[in-house]
Amino acid sequence: MKKIEVIIRKSRFDEVKKALHETEVNFFSYWDVTGVGNEKQGHVYRGVSYSTSDIQRRKISLTVSDHNVESTLETILKAAHTGSVGDGKIFVTPVDEAYRIRTKEKGTDSLS
Amino acid sequence: MKKIEVIIRKSRFDEVKKALHETEVNFFSYWDVTGVGNEKQGHVYRGVSYSTSDIQRRKISLTVSDHNVESTLETILKAAHTGSVGDGKIFVTPVDEAYRIRTKEKGTDSLS
Amino acid sequence: MKKIEVIIRKSRFDEVKKALHETEVNFFSYWDVTGVGNEKQGHVYRGVSYSTSDIQRRKISLTVSDHNVESTLETILKAAHTGSVGDGKIFVTPVDEAYRIRTKEKGTDSLS
Amino acid sequence: MELLTTNNVWMMVCTALVFFMHLGFSLLEVGLTRQKNAINILFKNVFIICAGLLTYAILGFNLMYPGSFLAGVIPDYFFDLFGLSAPVADGALDLAYNEGYTYWTDFLFQGMFAATAATIVSGAVAERIKLGSFMLFSVIYITIVYPIVGSWKWGGGFLDGLGFYDFAGSTLVHSVGGWGALIAIYLLGARLGKFGKDGQSHAIPGHNIPLATAGVFILWLGWFGFNGGSVLSADPSLTSITLVTTCLATAAGGISAFLVSTIAYKNYDLTMFLNGILGGLVGITAGADLMSPFDAVLIGLVAGGVIVFGVSLVDKLKLDDPVGAVAVHLACGIWGTLAVGTFGSMAGFDQFLTQLAGVGIIGAFCCISAFVILSIIKATMGLRMEEKEETEGLDAHEHGMDAYAEFGTVHDR
Amino acid sequence: MELLTTNNVWMMVCTALVFFMHLGFSLLEVGLTRQKNAINILFKNVFIICAGLLTYAILGFNLMYPGSFLAGVIPDYFFDLFGLSAPVADGALDLAYNEGYTYWTDFLFQGMFAATAATIVSGAVAERIKLGSFMLFSVIYITIVYPIVGSWKWGGGFLDGLGFYDFAGSTLVHSVGGWGALIAIYLLGARLGKFGKDGQSHAIPGHNIPLATAGVFILWLGWFGFNGGSVLSADPSLTSITLVTTCLATAAGGISAFLVSTIAYKNYDLTMFLNGILGGLVGITAGADLMSPFDAVLIGLVAGGVIVFGVSLVDKLKLDDPVGAVAVHLACGIWGTLAVGTFGSMAGFDQFLTQLAGVGIIGAFCCISAFVILSIIKATMGLRMEEKEETEGLDAHEHGMDAYAEFGTVHDR
Amino acid sequence: MELLTTNNVWMMVCTALVFFMHLGFSLLEVGLTRQKNAINILFKNVFIICAGLLTYAILGFNLMYPGSFLAGVIPDYFFDLFGLSAPVADGALDLAYNEGYTYWTDFLFQGMFAATAATIVSGAVAERIKLGSFMLFSVIYITIVYPIVGSWKWGGGFLDGLGFYDFAGSTLVHSVGGWGALIAIYLLGARLGKFGKDGQSHAIPGHNIPLATAGVFILWLGWFGFNGGSVLSADPSLTSITLVTTCLATAAGGISAFLVSTIAYKNYDLTMFLNGILGGLVGITAGADLMSPFDAVLIGLVAGGVIVFGVSLVDKLKLDDPVGAVAVHLACGIWGTLAVGTFGSMAGFDQFLTQLAGVGIIGAFCCISAFVILSIIKATMGLRMEEKEETEGLDAHEHGMDAYAEFGTVHDR
Ligand SMILES: Nc1ncnc2c1ncn2[C@@H]1O[C@H](COP(=O)(O)OP(=O)(O)O)[C@@H](O)[C@H]1O
Ligand SMILES: Nc1ncnc2c1ncn2[C@@H]1O[C@H](COP(=O)(O)OP(=O)(O)O)[C@@H](O)[C@H]1O
Ligand SMILES: Nc1ncnc2c1ncn2[C@@H]1O[C@H](COP(=O)(O)OP(=O)(O)O)[C@@H](O)[C@H]1O
């Protein structure tokens, strides 16, 4: 099993979610984070213009079985892509074990 | 050391916290995430009824020494359990190193 | 590549950010979490005084290439330090692969 | 005619201000409770003003101002009970109603008052009562209990005959609501998690203090109409001294609660300050037209102390009152009513005893009525949400809606 | 003189209350839409009241109250068109203007009304219209369309001659805004994501229901001035019955929308309750001075039903109206205008037909005007934000600002 | 008698509206600052209105309206200094006080004004001042400095003799607050992080712009009473022209600030629009009864520009004023006072010089007083929170409470 952590633009979230659903990945968790990176954004507040690289992003975390990793990655890489600076990152990390709390199932059975 | 990441119902949080404290696990971090999974919920807004699988969950992240993993897992599996769809998941992942910022301690010493 | 997850005081965040920038680490994500640990804080609400160990913290997550791990850790250990209970933790975990969504680059190239 | 017009303008302005108090109560209650129940609290407040006006039109108004009684106690409601009995039917209006204002202004002003009594209960029972049960209770309470009590004094009943004085309703409005709140929180029990197994009280902080503060400012504004309008005319000297005593008692109530709570808890507690302001308002209400500015300040200072100790007493009794309704409306309502016998132009030992009698009689009647009504509801429909529903939030279970859909939703079952 | 002074005081109070409605609209709209467009919505509302007052001073007021017409329809605007035509120049004031109030009070009261019509549109087109285009449209609509329609009835034009009755503007204000809203949302199209590919309607929940609720309370308060001031004097009987009918219809509208929607959707829907309250307010507005309390309750009850079905009808037509402006202001505006022919002291079949004619003529004029203005703007400046901008939020693109900089910012491009 | 009653009703309504401005200030300030200091800001505002009324009753009122002076400058406060000197003791009221309204109405109206001056300071010093020090300063400022300045003009002192004109307090209220704010932010220094090491100004966005916007609407509403009540009677022509000039200047101020800032910063900046509205309000205040509508629009247009440049000037001077109090209340207060010599029925070069003299004398007095008081406080109790406390938030350190306990708490030490 692998954990896939994705940081995307909030405005691509609906696309990514739809794309994941189409590849039958119907389970994940997400939350909002602030990202610091190459992208800069201009703001104005009471006459002070400023530019910040602290930009609101959405983070998706999902754990998939090993044979699903590739397809999930491809799906996300496609759906989250706009081509401009700031599209975000994907990180794949190892998972030792997973449990479904309801049934106490372990391993890949617990994922769906 | 292992990192235990748990996604639970917000309404079970107090139980889980109490149970962890009882097993002397007094350190962790948590935040709110939105979970997508098998559970669906009905809402109504200005005459439109809809059902969504985007449900508010709480994520707990805690790192424990290897010999504490089992007991912590058991505690959580019990305290977070209701038996209905949507109870959540537990993921166990490896941790290479841990530091306590205050003392610069490393390894399991840094965890408590 | 390693993922460095840091839990710090919100009030140290600006320092840590500045310090990271000075060591040329200009990319990371952060969000607010509630931390439970050794520190306690007193509150009062309508005549009830209470003390809680649920304290607002900031979590920073950044993935760096292996040879940057040491310097980044040092930077954070220094910048986040106040010496009082509650300074937070750093966890280092393995990363299998990383992608930049914009360019589809893989590995350390994708990080900057 | 000119004077009638002016009086009527003032009374209409006051009516609008008293109406606006319902926003004040809504914001105060929603601010001092948790996000997961915010829709529920707003719903209750919106319901009360709407249902309250309608039931008052259908029944309450004629029950409260009957002028005649059976045995001096039970309003003689055999005539004109249902529907407004407009002085002249069919649109034509009777201006001879009285010198102060028209019949319609009177109805509307009194209707706004009536709804207030039920709103007070709403805050105290927040976060755990069943919506349906609350709606039923509050309709009965506004339609029957409030007007009967009101008729005893303002409707010319036996308390009026006894010499009992309550200018704008420290007892007739606020204590009536406060007793209802007390009985209701006793029967309902505390919110889950409010008291630990060891009996220790836990704080459940409100989720939006800026809104609660706005609510208190709006209530203070509304009180310009609540007390100012209770003069029932625009009489320059009476209205203006009433506003001065009201504002000074309020300011003193706030400052006093702030100082007492700062000394007691070593902390600048904004919620106590706000409750102190409300305590000052309730405290001056019974005698706002009788007091000198200096008396008003004294009444307010005491009220502030009553608040701080009242809140902690309610807590010690293991009663759970999220917004402090019992301390504010009941304790300060009683204090204000007794203060009429202690300060100001009617002060005197006899008056004090009369005031005490009024407080006692009305308290007994309200407690018994509230107890009977709530017990019947409890036995039939049930009063309290199930544990699971309460934990997960009333908004999710009663309304299927979030108050703040984007700031971290609270739906979770 | 005394009476004039009193009347004028009442009219000034009402003017202030109508002004305050703009805060009500702002909060309602901002609460029922999404966080990422909150600044934009507030900006529009702040703009409308400011620009509305100025353009009404420059042009609208004299256009609306001309007293003379070409062919009875086109206001004869060759005299006094630009700038306020103060009865006496140079600061000295003409108190002989009329018995009710001064010329200046009249201007300000009417100016506040004018801005209301554009605000109604603002809510319906929220979250997708270009700010510049909206500002242009609303200025034209307030400055030209609204006063011309107004002149037909309140300026003594042909509808007045026909016997058309609209006390405080169910049609002249609310429907005028409502028709504009209808045409605008038709031309604009729905927000992205509002209707699925399968044509299914999706809910886009508002982000701050407590603020929306506060907005509704403030609007109700403002209506004390909107209807109460439309008496154009402080006449005790007329003003007070007007306030009573207004409040009872409102309460009934709320309760009815609550009951109907609870039955239809098995859910206590606060937003429907709130819309029902507004529906009751709009519904009573055309005949608030003609109705008995009982008539008012009936009008409100029907208005509540109109709201629930109106909201769902708009949805079925695949029109996207985030705040329910069409159901509230247009549907209930029409209902209220027709109710003058059905209930109350003017009821009668002839009157009903006249009311219907008024509704139709004004509807046609507003639709055509709005369509022409908006089509020209669409063809030149464009009406709608680009898809990317809409997804990422108008606040980020038009304002570079966040409404809540610390509660999860929404900036993201 | 009828006229007195009517006048008194109007004055009481205005008093209530001026009171309500304190909610406007609270919301504006809380909205434009950060979450971690929200409780603190609300606390200060609640404190000011309560303490302000009490100290004004005890000392300020009699100090301000003495009628007699030593050397024409120092109010002769040997008589009647402490406590309200009711015209007739013991409850009986003197209606002969004047033609406009009763003594009590006068006191309450003036008391609400007094508290306003200190509130202005509160916004400017937000997020870094010690609560205790601020409370001490504001009590002294309201009790001594404000009434002495007021007595020079409204109390019949030497500035009144000179022919200085300030209708409702552009200088006497707003500049007095503004100067205090200026000195205070100079002595306090900027918030941590406001100015970079390179001296560059950083934006610290406010956390709740919808509340700030509501605050501005409420302030505008309150100004109906602030200016309308300053007529000190319900005189129909004076009150109504005053409301018209007030509203038109305000609208013009908003539009002008919006246009100027859009041109200057290529951005629709809502906060500038809001500040422009306030600038227009402050600007018209000195001469609201003297201006034609056209003059009022001009005054507002200039005020809008003053705001945009004033805000940026304060920034350039490395002064940190989170809510723009100096630009709004001081710069526009000066502008409004000078405008009396430039526009309207008193315009003239001599008048202009007199106005300038008044601005200068009062400015000097306020600056010196504020400087002395604040310096003493700084030397003894200290003015500013410690760096750690400021970083972690005043709510955590002074109050141990969160403004929004569930939206991401900010406690962190
Ligand atoms: N090494 C990293 N660790 C964690 N998050 C990162 C890292 N690098 C980038 N991010 C996240 O990805 C987002 C997009 O990255 P950015 O550098 O702006 O664009 P791009 O990936 O297109 O070059 C950032 O806002 C940040 O949230
Ligand atoms: N593979 C996954 N990766 C990350 N989060 C998951 C995953 N599967 C489930 N979750 C989280 O667990 C929650 C509960 O899962 P759900 O499928 O609804 O119930 P159950 O586990 O009882 O079948 C989801 O809302 C989601 O937040
Ligand atoms: N094992 C752990 N797993 C996850 N988070 C932890 C863990 N231990 C501590 N934390 C986080 O670190 C924060 C600081 O820890 P605390 O014990 O209060 O202070 P210290 O590290 O100085 O002893 C806690 O609030 C919590 O958020």
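At most 12 heavy atoms of other shown residues, nucleotides or ligands fall within 6.0 angstrom of atom NZ in C:K78. The number of heavy atoms from other shown groups lying within 6.0 Å of CZ (C:F27) is above 12. Other residues, nucleotides and ligands contribute more than 12 heavy atoms inside 6.0 Å of the NZ atom of D:K318.
Taking non-hydrogen atoms and a 4.5 Å limit, the residue list of residues 304-315 of chain D in contact with chain C, ordered by number, reads D:V311, D:D315.
Rounding to the nearest 0.5 Å gives a distance of 10.0 Å between CZ of C:R46 and CG of D:L274.
Side chain of C:Y45 to backbone of D:G206: a donor-acceptor contact under 3.5 angstrom is found. Here the side chain of D:N267 pairs no donor or acceptor atom with the backbone of C:V44 at under 3.5 angstrom.
For a residue to count as touching a neighbouring chain, one of its non-hydrogen atoms must lie under 4.5 Å from one of that chain's; by this rule D:V323 touches chain C with the backbone only. Using a 4.5 Å cut-off between heavy atoms, D:S201 contacts chain C through both its backbone and its side chain.
The residue among D:L32, D:L270, D:I204, D:T271 with the most heavy atom pairs within less than 4.5 Å of chain C is D:T271.
Taking both residues in full, the closest heavy atoms of C:V48 and D:H202 are given as CG1-C, 4.2 Å, listed atom of the first, atom of the second, then distance.
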